[in-house]
Amino acid sequence: MAIIDPMDVIPFNSPYVTGKEISYINQVLLDKELAGGGAFTERCQEFLESKLDVKKVLLTHSCTAALEMAAMLLDIQPGDEIIMPSYTFVSTANAFVIRGGVPVFVDIRKDTLNIDERLIEMAITPRTKAILPVHYAGVACEMDTIMDIANRHNLLVVEDAAQAIESNYKGRALGSIGDLGCLSFHETKNITSGEGGAILINNSNFIEQAEIIREKGTNRNRFLRGQIDKYSWVGVGSSYLPSEITAAFLYAQLEETEKITQERIKIWNNYDYAFRSLGETEGLSLPNIPNQCKHNAHIYYLILHNSGDRNRFIKYI
Ligand SMILES: Cc1ncc(COP(=O)(O)O)c(C=O)c1O
């Protein structure tokens, strides 16, 4: 077996570092405010609310946590069905499965690898509670059709926008269209805090409950706003609030969101320039960005004819 020099391997991902992360973390240390919910958490949330035009944003410690919060907010009961694409990351399904929900997988479109909106209606049953589109590679699902189906069948929509910060559909930020949206700031994402995420709440009926769920089932947020003089247990919840250290790191990245996206678009365009004609002559599938979508260059992919070709190609490059 050939020994591979790690220097020769193209890394799976390489996180962008702005240079301000350490100074913001130092600020947290100076302020001696390490737990979550402090100044940097607020700054990140306000930044995202205004940038994405979302009613309420709550930082979480991962997108998985944001999806779990969504499952609690939807009050998923054993046997409730959630329609989602057959091609996604495990957390999309797991967050609902741990509450007894049943993922109903719908096939994906060949051109975007997103849920095929034409197949959704066939998957609806009396147990269907929600539709969960995943914006794969930061390219939007066909949201007008999905929202129309949801409205006609009285279903809720949770967007898994883990990969989709800075992407939009007809000018609307991904994650801001359904009732709820979930973002990831994992190291592999365009904007990162190592681990991290956020739940985007567009349906204001969910705001107060979401604050309670994130704060271990207590009304601590009302206490922090001075609305009550002590806080107590008021319902189900868990610990989904990231620390101020994470929020400080994240804020340094959020400030450079546009610059980071532009850099990635340049790199994505270089890959596209290099591979587009090869894709056409060899009949390979390459990313397709529908006209109504602005993407964030999260992933550039090539789909080869079979795994043998794929493995030879990976070895070659
Ligand atoms: C589509 C999708 N959903 C959810 C997640 C989970 O994100 P996190 O690692 O922040 O929990 C990911 C992470 O890769 C993802 O790609």
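Quantities reported herein were computed from a predicted structural model and do not represent experimental measurements. Counting starts at 1 for both ligands and their atoms, in listed order.
- Within ligand 1, counting atoms from 1 as listed, the ones closer than 4.0 Å to a heavy atom of Gln163 are 1 (C), 16 (O).
- Ligand 1 has at least one atom lying under 4.0 Å from a heavy atom of Gly196.
- Between Cys63 and ligand 1, a contact under 3.5 Å exists for at least one N or O pair.
- Inter-residue side-chain proximity for Glu159 and Val134 is flagged as unmet; no heavy-atom pair is nearer than 4.5 Å.
- Classification of the Tyr300-Tyr271 ring pair by plane angle, with boundaries at 30° and 60°, yields parallel.
- In this structure, Leu59 and Leu48 have side chains that are in contact, with non-hydrogen atoms separated by less than 4.5 Å.
- Considering backbone and side-chain N/O of Lys189, one or more are found under 3.5 Å from N/O of ligand 1.
- In summary, the atoms of ligand 1 found under 4.0 Å from a heavy atom of Val134, numbered by their order in the structure, are 1 (C).
- Nearest protein neighbour of atom 5 (C) of ligand 1, counting heavy atoms only, is Phe89 CD2, 3.4 Å.
- When only non-hydrogen protein atoms are considered, atom 3 (N) of ligand 1 lies nearest to Asp160 OD2, 2.7 Å.
- Between Met143 and Gln292, the closest side-chain pair of non-hydrogen atoms is not below 4.5 Å.
- Classification of the Tyr251-Phe47 ring pair by plane angle, with boundaries at 30° and 60°, yields perpendicular.
- Listed by number with element, the atoms of ligand 1 under 4.0 Å from a non-hydrogen atom of Ser184 are 7 (O), 8 (P), 10 (O).
- Taking the centre and axis of the six-membered ring of Phe40, the NZ or CZ atom of Arg43 falls inside the cone set by 45° and 6.0 Å.
- Screening Glu211, Glu208, Glu42 for a salt bridge (charged side-chain N to carboxylate O under 4.0 Å, His left out) with Arg225, the sole residue that qualifies is Glu211.
- By the 3.5 Å distance cut-off applied to N or O atoms, Thr64 is counted among the residues near ligand 1.
- For ligand 1, the polar-atom distance check finds no N/O of His186 at less than 3.5 Å from any of the ligand's N/O atoms.
- Inter-residue side-chain proximity for Phe206 and Ile199 is flagged as unmet; no heavy-atom pair is nearer than 4.5 Å.
- An N or O contact shorter than 3.5 Å is missing between Ser91 and ligand 1 by distance.
- Taking the side chain as every heavy atom from C-beta outward, Ser176 and Leu200 never approach each other to under 4.5 Å.
- Between Pro85, Ala137, Ala162, it is Ala162 that holds the heavy atom closest to atom 2 (C) of ligand 1.
- Residue Ser62 approaches ligand 1 through these ligand atoms, each under 4.0 Å from one of its heavy atoms: 10 (O), 11 (O).
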